[in-house]
*Asks:* 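Sending over a structure as structure tokens; questions will come in a sec.
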Amino acid sequence: MIETNFFFWVTLIFLIGTKVVEWIAEFLNTQEKDGLPAEVADLYDPEEYEKSRRYEKEKTRLSFIEDVLSLGLLLVFWFLGGFGWLEGVVQSTDLHPVLAGLLYFLILMGVQWLLRLPFDLYDTFRIEEEFGFNRTTIGTYAGDQVKQWILTIVLGGILGGAVLYLFQTAGDSAWIWCWGVFIGFNLVILYIAPIWLMPLFYKFTPLEEGTLRESIENYAKKESFPVKELFVIDGSRRSSKANAFFAGFGKNRRIALYDTLIEKQSVPELVGVLAHEIGHYRLKHVPKMVGLSFFQAGLMFFLAGLFVGSSSLAVAFGVQEPSVHTGLVFFGLLFSALSRVTNVGVQWLSRKHEFEADAFAAQTTGEGESLVSALKKLARENLSHLTPHPFYVFLHYSHPPLHERIRALRQ
């Protein structure tokens, strides 16, 4: 039986309130604006601009429908005692408490995946197809889903099992042990991802000798940035959208360029993009963001330690006998609202880092126009929203709007 206590009302208000705020931001973000900022006024012709607006509205509409349906089904499941019913089913298996907890997590994740699947399929094979981005086949899509589930079960089972075991056996210091395990686990993943995990989804091919490789290596050498491996990845198998990224650290660091990026950018533009990425490393942005994420995880585990055994929290979700796994799920729903608030600060810091990396690229390459040109091409090819609403940017953008980046680069 669900008890409408303090935890019930706080969680309900947070879940609905944060969604309403996000929907307001999405609505504002889709409203037409008079004219474009001078920095991007030449980016689209009228037909392309209208296409970019339709793309933004289609993506937002789909996201809104998915959010409403997901929230509605969550509330129905909650109010009808679904969490308590599922706990009864799991307990009836007589599994070890850790395995019972992992089964509880797996069932909830599976249901969530099934609810999201139609929307993801529609987004990939309807919207992305209509606007000329999708190159994913059904076979590739299905293969990616299978690989993601295998990784989720294996890696998630290791981390989730460790957290469950520690909260069941380590007493008041459990949150500290969980925090340490979480940090160690993620550092291992960061180290092995470029060589073991990413190749499960993308084919990494060494960048061939030529002007582009020579220009990148000369720039990296000038900046005393060791580059041992330069790769091209087959992003074109899934999408026409372009990107570049660094992954890993130490000896396993990889610089990867999408084949679609190389296809559409000149050598100076590509060097400008890589200079921006190198700027993130030279300015210590990566360890700062990783450290911040670890701090957030520590806060989460500390608070989880306070609430995970709460009988009041359990009965608010229809569970009469609290367990570690149900407590973690219910705390996760409660904590999700707080994480959205802290995420605003993380996004602000990320936007600040992007400005700094842009400035680093302009200073070390001797000019910023190549990066400006590269950013414009990326925005045009990806049908980027050129006039996002400031409130939406405040909530969601990890990168500054394009016109702000161009203005800063030209200063």
Side-chain angles (χ1 to χ4, degrees), residues 1-3 5 7-8 11-12 15 70 73-117 145-186 188-189 297-336 339:
M1 180 178 178
I2 294 172
E3 182 178 314
N5 58 20
F7 288 113
F8 173 89
T11 305
L12 182 63
L15 284 174
S70 298
L73 290 176
L74 170 62
L75 295 180
V76 169
F77 184 76
W78 177 8
F79 295 163
L80 293 180
F83 289 109
W85 168 80
L86 180 58
E87 173 68 349
V89 171
V90 169
Q91 293 299 338
S92 69
T93 62
D94 291 327
L95 290 171
H96 185 278
V98 171
L99 294 178
L102 290 176
L103 178 61
Y104 195 88
F105 294 160
L106 185 63
I107 292 173
L108 290 178
M109 289 172 59
V111 171
Q112 185 181 42
W113 176 78
L114 286 173
L115 292 175
R116 293 185 59 186
L117 183 60
Q145 295 296 312
V146 171
K147 293 172 189 174
Q148 288 170 12
W149 265 108
I150 292 173
L151 290 175
T152 298
I153 291 172
V154 174
L155 300 180
I158 293 172
L159 180 60
V163 169
L164 287 169
Y165 176 78
L166 289 169
F167 268 117
Q168 290 167 5
T169 61
D172 293 340
S173 63
W175 74 271
I176 299 177
W177 287 102
C178 288
W179 189 18
V181 168
F182 177 86
I183 291 174
F185 179 84
N186 279 273
V188 170
I189 294 299
L299 175 62
M300 179 190 70
F301 283 121
F302 171 72
L303 294 175
L306 299 178
F307 292 104
V308 73
S310 170
S311 58
S312 297
L313 179 61
V315 296
F317 285 89
V319 174
Q320 301 308 309
E321 294 293 331
S323 62
V324 171
H325 55 268
T326 57
L328 289 173
V329 170
F330 305 151
F331 169 75
L333 290 172
L334 183 62
F335 184 78
S336 63
S339 66

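The chain is numbered in sequence order, starting from 1.
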*Asks:* Output the distance between atom CG (L106) and atom CG (L99), rounded to the nearest 0.5 Å.
*Replies:*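 Reported to 0.5 Å precision, the distance equals 11.5 Å.
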*Asks:* Kindly indicate whether the side chain of L164, heavy atoms from C-beta on, has any atom under 4.5 Å from the side chain of L328.
*Replies:*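 Side-chain contact under 4.5 Å: yes.
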*Asks:* Can you list everything that forms a side chain to side chain donor-acceptor pair (under 3.5 Å) with W149? Sequence neighbours excluded, please.
*Replies:* none
*Asks:* Quick check: are there more than 12 heavy atoms from other residues, nucleotides or ligands sitting under 6.0 Å from CD of Q112?
*Replies:* no
*Asks:* When you look at CH2 of W85, are more than 12 heavy atoms from neighbouring residues, nucleotides or ligands closer to it than 6.0 Å?
*Replies:*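 Check fails, neighbour count at 12 or below.
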*Asks:* If we only count heavy atoms from C-beta on, is the S336 to L15 side-chain gap below 4.5 Å?
*Replies:* yes
*Asks:* With rounding to the nearest 0.5 Å, note down the distance linking OG1 in T11 to CG in L313.
*Replies:* 6.5 Å
*Asks:* Is the gap between the ring centers of W78 and F8 under 6.0 Å?
*Replies:*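 For W78 and F8, the ring centres are under 6.0 Å apart.
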*Asks:* For atom OH of Y165, is the number of surrounding heavy atoms from other residues, nucleotides or ligands below 6.0 Å larger than 12?
*Replies:* no
*Asks:* How long is the straight-line distance from CG of L115 back to CH2 of W113, given to the nearest 0.5 Å?
*Replies:* 11.0 Å
*Asks:* Nearest 0.5 Å please: distance from the CG atom of L166 over to the CZ atom of F182.
*Replies:*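 If I round to the nearest 0.5 Å, the distance is 14.0 Å.
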*Asks:* What's the separation between atom CG in L86 and atom CD1 in I107, rounded to the nearest 0.5 Å?
*Replies:* 5.0 Å
*Asks:* Is the shortest side-chain heavy-atom distance between L334 and F317 below 4.5 Å?
*Replies:* no
*Asks:* Looking only at atom types and distance, does a side-chain atom of T152 sit under 3.5 Å from a main-chain N or O of Q148, one as donor and one as acceptor?
*Replies:* yes
*Asks:* Between F307 and F7, does a ring-ring contact (aromatic ring centres under 6.0 Å, His included) hold up when you go through it step by step?
*Replies:* CA-CA 10 Å; F307 292 104; F7 288 113; 5.7 Å; yes
*Asks:* Compare every heavy atom of V315 with every heavy atom of S312, then report the nearest pair and how far apart it is.
*Replies:* O-CG2, 3.3 Å
*Asks:* Would you tabulate the side-chain donor-acceptor contacts of residues 153-162 under 3.5 Å, counting partners in other chains and residues two or more places apart, or write 'none'?
*Replies:*
none

*Asks:* I'd like to know whether W175 forms a side-chain contact (heavy atoms from CB on, under 4.5 Å) with V308, so could you lay out the CA-CA distance, the side-chain angles of the two residues, the decisive distance to 0.1 Å, and finally the verdict.
*Replies:* CA-CA 10 Å; W175 74 271; V308 73; over 6 Å; no
*Asks:* Are any of the side-chain heavy atoms of L75 and L12 separated by less than 4.5 Å?
*Replies:*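 Sidechains of L12 and L75: in contact.
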*Asks:* Is the number of heavy atoms from other residues, nucleotides or ligands within 6.0 Å of CD (E321) greater than 12?
*Replies:* no
*Asks:* For a quick test of reading the model, state the closest non-hydrogen atom pair linking A314 to P322 and the distance between them.
*Replies:* CB-CB, 3.8 Å
*Asks:* For the residue pair L333 and F83, establish whether any side-chain heavy-atom pair is separated by less than 4.5 Å.
*Replies:*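 Yes, their side chains come closer than 4.5 Å.
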*Asks:* Considering only heavy atoms from C-beta outward, does the side chain of H325 approach that of F167 to under 4.5 Å?
*Replies:*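 Side chain of H325 against side chain of F167, heavy atoms only: no contact under 4.5 Å found.
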